[in-house]
Amino acid sequence: MQNPEPLLSLDHTKIQLGPQQFGPFSLTVQTGERIAILGPSGAGKSTLLKLMSRELLSRSGSIRLHDRPLADWTLIELSQRRAVLPQSSEIAFGLEVELVVALGRVARQADSNQAAIVSAALQLAHASHLAGRRFDTLSGGEQARVQLARIFAQLWDVQEGLVLVDEPLAALDPGLQFDLLDSLQTFICQRGHALVAILHDINHALLAFDRLWLIKQGRLQANITADASAIPQLELLYGIRLRQLKSDCGEAMMVAPVPRHPSAPAP
Ligand SMILES: Nc1ncnc2c1ncn2[C@@H]1O[C@H](COP(=O)(O)OP(=O)(O)OP(=O)(O)O)[C@@H](O)[C@H]1O
């Protein structure tokens with residue numbers, strides 16, 4: 001059976017930043033697919049995400065969204081199809097939380113549902129209790145939840161969009177990380193959105209994603225299914241050994257790093 005037309009496709013896309021080249025990347029994202037990008041610090045994960053979001057422009061190769069060059073989309077069209085959560089985003093003014101979330105919907109005209117959507121998005125992001133607060137007075141984890149609510153609000157009433165997020169869970173405690181991962185899953189599954197997320201937690205990637213893109217030194221090292229068969233490639237990626245753990249009923253899979261012997265050479 002032929003693959004359906006991809007939602008997003010990169011064809012030999014590359015970019016040079018300073019002395020380093022990133023790519024060429026030839027990758028596809030299908031509607032509804034959940035892809036985790038993993039790799040060591042400085043490997044080029046954010047650079048790849050910025051190419052996909054059009055924050056960075058590739059000088060060679062092509063990127064197409066819905067089979068149309070990404071460069072040809074207007075900003076308004078893009079904002080109604082794909083949402084981006086960068087690694088850090090500065091909000092310069094002391095905006096109220098609801099206003100920050102509503103920023104996700106600035107491209108909508110006559111948005112009569114805005115207040116209801118903002119409220120529902122805050123609830124899904126476990127951030128309803130922050131309504132009325134000034135964004136710049138929130139803790140890092142609270143700000144992360146509000147930013148995620150902004151992404152939810154942006155694509156709340158869209159089907160088959162694209163969500164690109166860079167370390168969305170990094171500022172959250174372990175309990176909230178699982179809650180928000182669950183919220184992200186609910187959000188994208190109900191709408192058929194595709195999700196591409198940069199993560200540093202291998203377990204989050206294995207538990208909640210379909211595929212892994214492993215990035216090292218600016219290159220794609222592997223594009224593989226997110227299951228136990230990925231463990232050897234993950235060990236190679238990070239230069240660590242992993243041990244697979246299973247729950248009593250054998251369903252949930254977690255991995256734990258095996259400490260290196262002190263005399264072992266660093267990767
Ligand atoms: N505009 C730029 N000019 C020059 N070098 C850059 C630029 N942007 C990024 N780099 C460099 O490219 C490399 C990859 O950066 P990138 O942010 O993509 O890494 P990453 O894999 O997301 O890392 P981390 O996990 O630490 O966030 C880094 O060494 C970074 O310093």
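Atoms within a ligand are numbered from 1 in the order they appear, just like the ligands themselves. Since this is a predicted model, take the numbers as computed values, not measurements.
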**Student:** Less than 4.0 Å between a side-chain N and a carboxylate O, is that true for Asp157 and Arg105?
**Tutor:** yes
**Student:** Does the side chain to side chain contact (heavy atoms under 4.5 Å, CB included) test come out yes or no for Leu95 and Leu103, once each step is laid out?
**Tutor:** CA-CA 10 Å; Leu95 294 181; Leu103 285 177; 4.2 Å; yes
**Student:** Tell me whether the rings of Trp73 and His66 are parallel (<30°), tilted (30 to 60°) or perpendicular (>60°).
**Tutor:** tilted
**Student:** Using a distance-only test with no angle check, is there a side-chain donor-acceptor pair under 3.5 angstrom linking Asp227 and Ser229?
**Tutor:** yes
**Student:** Does Leu7 form a side chain to side chain contact (heavy atoms under 4.5 Å, CB included) with Arg82? I'd like the steps, not just the answer.
**Tutor:** CA-CA 11 Å; Leu7 178 63; Arg82 67 103 181 92; over 6 Å; no
**Student:** Sequence neighbours excluded and cut-off under 3.5 Å, please list the side-chain donor-acceptor pairs for residues 37-48, or say none.
**Tutor:**
| from | atom 1 | to | atom 2 | distance (Å) |
| --- | --- | --- | --- | --- |
| Lys45 | NZ | Gly39 | O | 3.1 |
| Lys45 | NZ | Pro40 | O | 2.9 |
| Ser46 | OG | Asp166 | OD2 | 2.7 |

**Student:** Hey, which residues fall under 4.0 Å of ligand 1 on heavy atoms?
**Tutor:** Leu17, Gly18, Phe22, Pro40, Ser41, Gly42, Ala43, Gly44, Lys45, Ser46, Thr47, Gln87, Glu167, His200
